[in-house]
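We use all heavy atoms of the structure for the numbers below, so side chains are in, but hydrogens, waters and symmetry mates are not. Just so you know, ligand 1 is whichever comes first in the structure, and atom 1 is the first atom listed for that ligand.
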Amino acid sequence: MVNKNYGLAIVGLGGMGNWHREFVKTIEGITVVGIYDIKESRRQFAKENNEHVYESLDDLLNDKKVDIVLVATPNDLHKEISIKALRAGKNVVCEKPAMMNSKEFEEVMSVQKETGKLFVVHQNRRWDEDFLTIKEIYNKNTLGKIYSIESRVHGSRGIPGDWRQEKEHGGGMLLDWGVHIIDQLLFMIDEKVKKVYCKFTHVTNELVDDGFRIILTFESGLTVLLEVGTSNFISLPRWYVLGINGSAVINGWDLNGKIVRVKNWEDKDAVPIRAASGITKTMAPRQDNTIFEEKLPIQKSELREYYRNVIATIEGKAEIIVKNSEVLRVIKLMEACTVSDEKETVVDFE
Ligand code: NAD
């Protein structure tokens, strides 16, 4: 039970702002009370959809019906709009990446403390079922000690031809997709990241990264490869996880994949196989009776939990799930990635 109906105002009714507009309709206790967008076509779209349209950001912030401001503009505007909204006494849900850098984020944090209002980032991909399935495998130790995780997102359309191609607006794939897949990893693995190596790609774009490869080394020696590609006409699996007793793969968003585990380490009858211009015993497939295949422990999720948690936190009944300290750590890791790419070196992190 929520105490009241919370009014949500959307700043920036683009692709994602509109996704929130439709999504909150399915959640009890929260209603869209209006939108503000600088683009006439988006204001027109809102009117056609019977939404109240504010004349200015100040007009929106002066409306007492607004309890929560959703910031869904291009990335470079998140800071300014969030600070204004907090100072106007509003709670803020801010799209990812929270800010352009850690300095901006710390500035917003100090205003948040001053005002006592909620500031929370929309790291919605913590609710992705592929991620939650890998998290389940990781937490349950299904594969034995995990020593390698590969998390990839591949497309072949380059970067969308909007502000995502422009550095000054926070374009580039590290800020776009990197922030999600780094957040997932840091949320899942309760260890320090010791080393960071990153190489950006510039296949279609010189000014911003259109993809990257990041290698993280955790305290225990666990290695994680994070990869985003936008010129990949053949996609590699979304997840590939190796433990000392087995491997897991999730191929794509449809959660198709499997686990293969060892039943018996002894595989005496291994005979060399022909491999291209030679033979190999090392790479010969195992005998069927020494391994077994399992289905993935598919996890179901409920993304409405995100907004329910926002409301419960405002009401003092819950702790926020997406914590600002976690968001800051992700931003700092992205900064380490940029340093690594620029200097072509491994960077010490924590
Ligand atoms: P978009 O370009 O489709 O929409 C941005 C909107 O902001 C546009 O309608 C634009 O007119 C408006 N705008 C620009 N300046 C403004 C201002 N000063 N005041 C009010 N409105 C303004 O972009 P998008 O894809 O919707 O991305 C918006 C944000 O959402 C970005 O931060 C992006 O990273 C994030 N996003 C998050 C997810 C997710 O899964 N969490 C997915 C996509 C985008």
Nearest neighbour in protein (non-hydrogen) for [atom]:
| atom | value |
| --- | --- |
| atom 26 (O) of ligand 1 | Met16 N, 2.8 Å |
| atom 17 (C) of ligand 1 | Ile38 CG2, 3.6 Å |
| atom 34 (O) of ligand 1 | Lys96 O, 2.8 Å |
| atom 29 (C) of ligand 1 | Thr73 O, 3.4 Å |
| atom 18 (N) of ligand 1 | Leu77 CD1, 3.7 Å |
| atom 4 (O) of ligand 1 | Gly14 CA, 3.2 Å |
| atom 9 (O) of ligand 1 | Asp37 OD2, 2.7 Å |
| atom 28 (C) of ligand 1 | Ala72 O, 3.2 Å |

Is there a side chain to side chain contact (heavy atoms under 4.5 Å, CB included) between Ile320 and Leu118? Walk through the geometry before answering.
CA-CA 9 Å; Ile320 198 74; Leu118 179 74; 4.1 Å; yes

Test: Lys4 cationic atom under 6.0 Å from Tyr6 six-membered ring centre, within 45° of axis
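Yes - Lys4 lies over the ring of Tyr6, closer than 6.0 Å to its centre and within 45° of its axis.
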
Both conditions, 6.0 Å and 45 degrees, for the charged tip of Arg125 above the ring of Trp253: are they met here?
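Output yes; distance and angle both within limits.
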
Between [X] and [Y], is any pair of side-chain heavy atoms under 4.5 Å apart?
| X | Y | value |
| --- | --- | --- |
| Lys194 | Asp348 | no |
| Ile146 | Val241 | yes |
| Asn91 | Phe119 | no |

Closer than 4.0 Å to some heavy atom of [X] - which atoms of ligand 1 meet that?
| X | result |
| --- | --- |
| Val11 | 20 (C) |
| His122 | 41 (N) |
| Asn75 | 31 (C), 32 (O), 33 (C), 34 (O) |
| Tyr36 | 19 (N), 20 (C), 21 (N) |

Among Arg164, Glu95, Arg42, which one has a heavy atom closest to atom 24 (P) of ligand 1?
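Checking each option, the heavy atom nearest atom 24 (P) of ligand 1 is found in Arg164.
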
Which option out of Tyr54, Trp163, Trp177 puts a heavy atom nearest to atom 23 (O) of ligand 1?
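Residue with the shortest heavy-atom distance to the ligand atom: Trp163.
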
Under-4.0 Å salt bridge between [X] and [Y]:
| X | Y | answer |
| --- | --- | --- |
| Arg152 | Glu150 | yes |
| Arg87 | Glu114 | yes |
| Asp37 | Arg43 | no |
| Arg261 | Glu293 | no |
| Glu344 | Lys199 | yes |

Can a donor-acceptor pair be found between the side chains of His154 and Glu227 at a distance below 3.5 Å?
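Glu227 and His154 do have a side-chain donor-acceptor pair below 3.5 Å.
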
Under 3.5 Å, is there a donor-acceptor pair linking the side chains of Glu191 and Ser220?
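Yes, side-chain donor-acceptor contact under 3.5 Å.
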
Please state which part of Leu175 comes within less than 4.0 Å of ligand 1, counting heavy atoms only: side chain, backbone, both or neither.
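Under 4.0 Å from ligand 1, Leu175 contributes no heavy atoms.
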
Below 3.5 Å, N or O to N or O, backbone or side chain included: is there any such pair between [X] and ligand 1?
| X | value |
| --- | --- |
| Pro74 | no |
| Asp162 | no |
| Gly15 | yes |
| His78 | yes |

Mind checking whether Pro97 has a heavy atom under 4.0 Å from ligand 1?
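Pro97: in contact with ligand 1 (<4.0 Å).
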
Looking at ligand 1, does His180 have a heavy atom less than 4.0 Å from it?
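Flag set, His180 near ligand 1.
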
